[in-house]
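Just so you know, these numbers come straight off a predicted model, no measurement behind them. Just so you know, ligand 1 is whichever comes first in the structure, and atom 1 is the first atom listed for that ligand.
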Amino acid sequence: MTDRLRIAVQKKGRLADDSFDMLKKCGLRFSVRGDGLLARVKNMPVDLLLVRDDDIPAFVANGASDLGIAGENVLVEEVLLSNGKMDAVIDRRLGFSRCKLCLAADADGAIQIPANLSGTKIATTYPGVLRNYLSEQGIDANCVEMKGAVELAPSIGIADSICDLVSSGATLEANGLSAFETILESEAVLIRSSRTLSPAKQNIYDKLVNRIDGVIRSTDSKYIMLNAPASAIDKISQILPGSDAPTIIPLSGSDDLVAVQAVCTENVFWETLEDLKANGARSILVLPIEKMMG
Ligand code: PRT
Ligand code: ZN
């Protein structure tokens, strides 16, 4: 039987679509349908194990899967609940599904800073991370474990505050709550264990992570083309975000103007374009980059 690399991915939920998207951008061809637990990649020896996000770190740790894609929040929680015994670590950060695990309470209530939590009840779906934080800070508070709808706990009197994930902040606001402390900043991560892969799987892994790195870099990267007076090149090169030496090309029929082309590895905002224009750049074009390999 040929070795196939197995990756555990959330089947359905906030992480699922972005995880599938990233793997598709890496050139993997697969379809996810029905109740199947396994999706076979057609053009690479890779199988996707489709599961709930909370199970992903354990599946990687116990060898049911070679890799996994999950929120850092879930990885940290599962490792803490295992008292650090779970063999699952971050291989690399993936840059999507960013969120924060925050402490929040009634915007005008008695709890405004972490020290106010002493002797109170905090509702959460992250008891591991919360207890770890409380003990590190020397705060003596009670953790009320819930499976969901944590934001409702203060209004129905189950707890005095909450510890929950926040992305836009709309849920907190809708429930009259306000975040006063961030315990953990999270994004999607690729998870692996300390086990050595077979040479065949290692080969597939090397190829895959090379492509993942290319996808991550190209997500924020842009190709910029502009014309500018030769005398402005130094200033313009400094403004271009995250670019190495730009390519400078003389323009036919012009002694003074040159064309500048550069790969910018950081986000290019409108402000950057306005800054470039103010420094003499004209005909500025910003193009997306689909793939990159170093
Ligand atoms: O079924 P399964 O167990 O697989 O999924 P799940 O329901 O446990 O998780 P899911 O799909 O909701 O989230 C998966 C992962 O997405 C999380 O573990 C995080 O890593 C990441 N993520 C990013 C988020 C959020 N943003 C997020 N905003 N997960 C949850 N939320 C919730 C939060 O709990 C709160 O209820 O969204 C609400 C707050 O959102 P805002 O935008 O109103 O602030
Ligand atoms: Zn879950």
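- Residues Ser194 and Asp87 bring a donor and an acceptor atom of their side chains to less than 3.5 Å of each other.
- When atom types are taken as modelled, the side chain of Arg211 and the backbone of Leu28 share no donor-acceptor pair closer than 3.5 angstrom.
- No side-chain donor-acceptor contact under 3.5 Å links Asn73 and Glu77.
- Of the charged side-chain nitrogens involved, at least one lies within less than 4.0 Å of a carboxylate oxygen, so that Glu72 and Arg93 count as a salt-bridged pair.
- In plain terms, the two heavy atoms of Leu130 and Ile183 that are nearest each other are CD1-CD1, 4.1 Å.
- The shortest contact between atom 36 (O) of ligand 1 and any protein heavy atom is with Asp164 OD2, 3.7 Å.
- When you scan the N, O or S atoms of Asp54 for the one nearest the Zn ion (ligand 2), you land on OD1.
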side-chain hydrogen bond (donor to acceptor under 3.5 Å, both in side chains) evaluation trace for Ser198 with Asp3: CA-CA 8 Å; Ser198 68; Asp3 261 343; 2.7 Å; yes
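- Here the N, O or S atom of Asp53 that is nearest to the Zn ion (ligand 2) is OD1.
- The ligand atoms of ligand 1 that sit less than 4.0 angstrom from a heavy atom of Val74 are 18 (O).
- A donor-acceptor contact closer than 3.5 angstrom is absent between the side chains of Asn132 and Tyr126.
- Counting heavy atoms closer than 4.0 Å to ligand 1, residue Asp53 contributes atoms from both its backbone and its side chain.
- Ionic pairing of Arg192 and Asp66 is not present here: no N-O contact between side-chain nitrogen and carboxylate oxygen is shorter than 4.0 angstrom.
- Shown in contact with Ala170 at under 4.0 Å from a heavy atom are these atoms of ligand 1, numbered in order with element: 43 (O), 44 (O).
- The closest donor-acceptor contact from the side chain of Asn116 to the backbone of Ile113 lies under 3.5 Å.
- Contacts between Ser167 and ligand 1, counted as non-hydrogen atom pairs separated by less than 4.0 Å, involve both the backbone and the side chain.
- Of all atoms in ligand 1, numbered sequentially from 1 with element shown, those under 4.0 Å from a heavy atom of Gly71 are 20 (O).
- Among protein heavy atoms, atom 15 (C) of ligand 1 sits closest to Leu15 CG, 3.8 Å.
- Geometric assessment of Lys42 against the ring of Phe30 yields a negative cation-pi assignment under the 6.0 Å and 45° thresholds.
- For atom 22 (N) of ligand 1, the nearest protein heavy atom (residue, atom name, distance) is Cys99 SG, 3.7 Å.
- Here Asn73 has side-chain heavy atoms under 4.0 Å from ligand 1, and that is the only part of it that gets that close.
- Nearest to atom 42 (O) of ligand 1 by heavy-atom distance, out of Ala174, Ser168, Gly13, is Ser168.
- A donor-acceptor distance shorter than 3.5 angstrom exists from the side chain of Arg6 to the backbone of Ala64, with no hydrogens or angles considered.
- Of all atoms in ligand 1, numbered sequentially from 1 with element shown, those under 4.0 Å from a heavy atom of Val166 are 44 (O).
- Protein heavy atom closest to atom 35 (C) of ligand 1, with residue, atom name and distance, is Leu165 O, 3.6 Å.
- The side chain of Gln10, and not its backbone, has at least one atom closer than 4.0 Å to an atom of ligand 1 (non-hydrogen atoms only; side chain from C-beta on).
- For atom 7 (O) of ligand 1, no protein non-hydrogen atom is found at a distance below 4.0 Å.
- Contacts between Leu172 and ligand 1 below 4.0 angstrom, taking non-hydrogen atoms only, are absent altogether.
- The single protein non-hydrogen atom nearest to atom 40 (O) of ligand 1 is Thr171 OG1, 3.7 Å, given as residue, atom name and distance.
- A donor-acceptor contact shorter than 3.5 Å is absent between the side chain of Asn83 and the backbone of Lys85.
- Between Glu77, Arg52, Arg98, Arg14, it is Arg14 that holds the heavy atom closest to atom 13 (O) of ligand 1.
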